[in-house]
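Below: one structure, written as structure tokens.
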Amino acid sequence: MAGITEKVVPHLTEADSDSRLEAQKLANGPRSHSPDTPQLYKRRWAIVFLFSAYSLCNAFQWIQYGIINNIFMKFYSVESFTIDWMSMIYMLTYVPLIFPVTWLLDKKGLRVIALVGSALNCAGAWIKTASVRPDLFPVTFCGQFVCATAQVFILGMPSRIASVWFGAHEVSTACSIGVFGNQLGVALGFLIPPVLVPNEEDMDKLAQHISVMFYGTAAIATLLFILVIIVFQEKPKVPPSHAQAAIEAIRENKYSYLQSILRLIKNRPFILLIITYGINTGSYYAVSTLLNKMVIAQYPDEEVNAGRIGLTIVVSGMAGSLICGICLDKTKKYKQTTLIVYVMSLIGMVIYSFTLNLGYLWVLFVTGAALGFFMTGYLPIGFEFAVELTYPESEGTSSGLLNVSAQIFGILFTIVQGQLIDSFSSLAGNLFLCAFLLIGTIMTGFIKSDLRRQNANQLSMAAMPSNQEREHIMVITLKEAKL
């Protein structure tokens, strides 16, 4: 290749045969013996699946009120908008707390963040068990607030876990698994509450049903907290990739959280991604929060099917997340994948909007599946694209800024769409989201594909000596040692 000087390895004589044989064994042997060689540990799978499990539990608690909005309205004698805030408190809490949490992540590491997140999730679940009386809505809101605080320690973790524990060719898949848990929690949050808490007129029976749901959630959250204490480790002994090794070297020597934030703010492609990610994910939050209201308005007394439609949206999204993550690991075409998924999210939202009032529930299941596959499938793509655009900045910081945008847009979209549904129709509220998704699609087209992490890995691999060069170096070393 032009511009690159060919490396010349001196010829080894017959007198060097013994040293050469020994050097070949070392040069061609397991590369894990070299401290500069990335290593992968089986524990990485336990780490990512355990994280996925307690993220699931937290996400379940986010949507467990909204999907049976009308039932909790009746039980606590509050308005619909008040129950909407049981979902929006997750979004509102995230915005002011994410910056101190990402600072703590950079200073104390993954294990501390995992312990605090799972502990708060457990505490919030147990507080809710003490709120199963119609006059104790403030207590249940307090429990939800604690769970919302736990979410700040959870939501931005997938990309950080993927980078710290997984190799260069599996980070997108690992991130998808991390996001998968959150999505599965939302799916179960759509499915289980309508089944466990039927629309009873007898308040005592209704309280029993709610109590079963709250105590079951608290027991699972407690088990997961104990597992985090036992299993979760800070990081592997040897980094899994050259890019991660470079990041750790930088952070050990000269890392400033404030300077990192300032550099991210000046990164134009990343700022565009923050806005577009916020629009897409905020739309998903709004649809999830208001799904019960939209379905019940068109199909009265169909709380269970509203939950099943939500389940369909999220399960198809989980499949989309995994498929997109695998595609990214294979192709490394981040911008193209992001743009395609964004366009399909817009098309899915348009189709969903115009089929909601057709009078056929099965149509909603089909259009909901299409919408979920792309809109929910976008989440891990956004995380990984952000890490590529901002390398070597902290993954927790870049993910945190994406989620701040998502929470802000989620609150605004939920409030405005809810008001449009109440004042006009579900179609008006959904077309409002379609307009913003169109804007987000156009903006995505202007994001420059600057894949810094991928380039860093390629440069590191190119700089590594070949087996022949390593063999020659070892021969010289062994000869000197024998002398």
Side-chain angles (χ1 to χ4, degrees), residues 91 172 175-176 179 183 267-291 313-314 316-321 323-325 327-328 331-356 366-390 398-399 401-414 416-417 420 426-451:
M91 308 174 203
S172 297
C175 184
S176 297
V179 174
Q183 295 169 338
N267 186 330
R268 185 173 178 270
F270 180 60
I271 293 299
L272 286 174
L273 182 62
I274 286 177
I275 297 171
T276 56
Y277 183 91
I279 291 172
N280 193 303
T281 309
S283 299
Y284 163 67
Y285 289 162
V287 170
S288 299
T289 301
L290 300 172
L291 183 63
I313 290 173
V314 180
S316 63
M318 285 159 33
S321 293
I323 291 171
C324 290
C327 288
L328 285 180
T331 66
K332 302 299 182 183
K333 296 185 181 297
Y334 287 85
K335 179 178 176 178
Q336 295 90 328
T337 306
T338 301
L339 186 57
I340 291 170
V341 171
Y342 217 116
V343 170
M344 296 308 297
S345 295
L346 171 60
I347 294 172
M349 190 68 208
V350 171
I351 295 173
Y352 172 80
S353 301
F354 285 100
T355 56
L356 181 62
V366 175
T367 57
L371 175 65
F373 185 88
F374 295 104
M375 185 172 281
T376 314
Y378 175 80
L379 301 181
I381 298 175
F383 279 154
E384 284 302 295
F385 196 16
V387 174
E388 290 289 339
L389 292 174
T390 61
S398 61
S399 298
L401 289 172
L402 287 184
N403 284 321
V404 165
S405 176
Q407 310 307 322
I408 292 173
F409 277 106
I411 293 171
L412 293 175
F413 287 173
T414 301
V416 174
Q417 187 186 16
L420 288 172
S426 296
L427 179 61
N430 287 330
L431 289 178
F432 164 77
L433 295 183
C434 290
F436 273 90
L437 286 171
L438 176 60
I439 295 170
T441 302
I442 295 170
M443 293 179 70
T444 300
F446 287 98
I447 298 176
K448 181 182 177 182
S449 186
D450 182 14
L451 306 182

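Both backbone and side-chain heavy atoms feed into the values below; hydrogens, waters and symmetry mates do not. This structure is a prediction, so every number in the text was calculated from the model and none was measured.
Across Ser283 and Ile279, no two heavy atoms sit closer than the pair OG-O, 2.7 Å. Contact between Val343 and Thr441 at its shortest, heavy atoms only, is CG2-CG2, 3.5 Å. The minimum heavy-atom distance between Cys434 and Ser353, with the atom names listed, is SG-OG, 3.7 Å. Nearest heavy atoms, Gly445 versus Lys335: O-NZ, 2.9 Å. Between Gly278 and Ser405, the shortest heavy-atom distance links the atoms CA-OG, 3.2 Å.
In this structure, the side chains of Phe373 and Ile323 come closer than 4.5 Å at one or more pairs of heavy atoms. Using a 4.5 Å heavy-atom cutoff, the side chains of Phe374 and Asn280 are not in contact. The side-chain heavy atoms of Tyr378 and Met375, taken from C-beta on, include no pair separated by under 4.5 Å. At least one side-chain heavy atom of Leu433 sits less than 4.5 Å from a side-chain heavy atom of Val287.
Going from atom CD of Gln407 over to atom CG of Leu402 covers 11.0 Å, rounded to the nearest 0.5 Å. To the nearest 0.5 angstrom, Ile442 atom CD1 is 4.5 Å from Leu438 atom CG. In this structure, the separation between CD1 on Ile271 and CD1 on Ile447 is 11.0 Å, given to the nearest 0.5 Å. The structure places OG1 of Thr367 at 12.5 Å from CZ of Phe354, a figure rounded to the nearest 0.5 Å. For the atom pair CG of Leu401 and CZ of Phe270, the computed distance is 5.0 Å after rounding to the nearest 0.5 Å. Between atom OH of residue Tyr342 and atom CE of residue Met443 there is a gap of 8.5 Å, rounded to the nearest 0.5 Å.
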Apply side-chain contact (heavy atoms from CB on, under 4.5 Å) to residues Leu273 and Leu389 and explain how you reach the verdict.
CA-CA 9 Å; Leu273 182 62; Leu389 292 174; 4.0 Å; yes
Working note: Thr281 + Phe413, criterion side-chain contact (heavy atoms from CB on, under 4.5 Å); need CA distance, chi angles, decisive distance, verdict.
CA-CA 10 Å; Thr281 309; Phe413 287 173; over 6 Å; no
side-chain contact (heavy atoms from CB on, under 4.5 Å), that's the test. Do Leu356 and Leu427 meet it? Break it down for me.
CA-CA 8 Å; Leu356 181 62; Leu427 179 61; over 6 Å; no
Intermediate values then yes/no, side-chain contact (heavy atoms from CB on, under 4.5 Å), Thr289 and Met91
CA-CA 11 Å; Thr289 301; Met91 308 174 203; 3.9 Å; yes
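Aromatic ring centres of Phe436 and Phe432: separated by under 6.0 Å. For an aromatic pair to be called close, the ring centres must be under 6.0 Å apart, and Tyr277 with Phe409 fails this.
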